[in-house]
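Naming convention: chains lettered A, B, ... in sequence-line order (proteins, then strands); numbering from 1 in each chain. Small disclaimer: the values here were computed from a predicted structure and weren't measured.
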Amino acid sequence: MTPRSPQSEAKQRTTAILRAVRAIQRGTFASYGEVARRAGLPGRARLVGTVLRESASSVKLPWHRVTGAGGRIAFPAGSRSAREQIRRLDREGVKARGNRVLQKPAASSPRTLDALLWKM
DNA sequence: CGGGTGACAACGT
DNA sequence: AACGTTGCCACCC
């Protein structure tokens with residue numbers, strides 16, 4: 001839909017990504033790759049990271065609900081950001097050990113989509 | 001145009 | 001489980 005100027009396209013991508021991130025339910029989490037897919041941008045996990053980094057200081061987002069593949073914390077272990085993310089997740093009932101988020105019993109299951117796609 | 005980089009992912013060893 | 005590789009994509013020099 002609509003205009004196809006290079007910058008407006010970039011803007012649309014950003015919007016789609018932010019929307020996908022905001023849609024992650026409290027107490028759940030999703031990987032960069034999954035956020036990208038939900039935003040209609042399969043294969044652009046890195047873009048998700050880029051957008052989050054740029055939006056960090058300008059927009060309020062549940063950024064802590066975005067993890068690396070399989071629940072891995074993307075920030076360096078022990079870094080300020082990593083601890084902050086783990087603390088925020090913990091407050092929502094999502095526990096982590098080391099730099100890895102543990103699966104939450106009933107609530108979040110970021111695996112379901114993959115499970116369906118990959119018949120696991 | 002070419003090379004380096006990064007809040008990534010998948011695969012192999 | 002921990003790395004190293006390769007594929008990707010957008011950006012910046």
Less than 3.5 Å apart, which donor and acceptor atoms pair up between the side chains of residues 57-73 of chain A and the rest of the protein, not counting sequence neighbours?
| from | atom 1 | to | atom 2 | distance (Å) |
| --- | --- | --- | --- | --- |
| A:Ser58 | OG | A:Ser55 | O | 3.3 |
| A:His64 | NE2 | A:Glu92 | OE2 | 2.9 |
| A:Arg65 | NE | A:Glu92 | OE1 | 3.0 |
| A:Arg65 | NE | A:Glu92 | OE2 | 3.2 |
| A:Arg65 | NH1 | A:Ile24 | O | 2.8 |
| A:Arg65 | NH2 | A:Glu92 | OE2 | 2.8 |

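- Distance, A:Arg38 CZ to B:dA9 P: 13 Å, rounded to whole Å.
- Atom CD1 of A:Ile17 and atom C1' of B:dA7 are 12 Å apart (whole Å).
- Applying the side chain to side chain contact (heavy atoms under 4.5 Å, CB included) rule to A:Ser79 yields the partners A:Phe75, A:Pro76, A:Ser81, A:Ala82; only residues at least two apart in sequence or on another chain are considered.
- Remark: the separation of the C1' atoms in B:dA7 and C:dC13 is 22 Å, to the nearest Å.
- Between A:Ser31 and the phosphate of B:dC8, there is no side-chain N or O to OP1/OP2 separation shorter than 4.0 Å.
- A search for side chain to side chain contact (heavy atoms under 4.5 Å, CB included) contacts involving A:Ala39 returns A:Ala16, A:Ile17, A:Ala20, A:Leu41, not counting sequence neighbours.
- Under the rule for a side chain to side chain donor-acceptor pair (under 3.5 Å), A:Gln25 has no partner lying at least two apart in sequence or in another chain.
- Here the nucleotide nearest the side chain of A:Arg72, chosen from B:dA7, B:dC8, B:dA10, is B:dC8.
- For A:Asn99 and B:dC8, the CG to P distance is 12 Å, given to the nearest whole Å.
- Rounded to an integer number of Å, the gap from CD of A:Gln85 to P of B:dC8 is 11 Å.
- In terms of heavy-atom proximity, A:Leu102 sits nearest to A:Arg97 at CG-N, 4.2 Å.
- Under the rule for a salt bridge (charged side-chain N to carboxylate O under 4.0 Å, His left out), the partners of A:Arg87 that lie at least two apart in sequence or sit in another chain are A:Glu84.
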Let me have a per-nucleotide readout for nucleotides 6-13 of chain C, 5' to 3', with B, S or -, counting only protein heavy atoms under 4.0 Å. -BBSS---
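- Protein atom CG of A:Leu52 is 11 Å distant from nucleotide atom P of B:dA7, rounded to whole Å.
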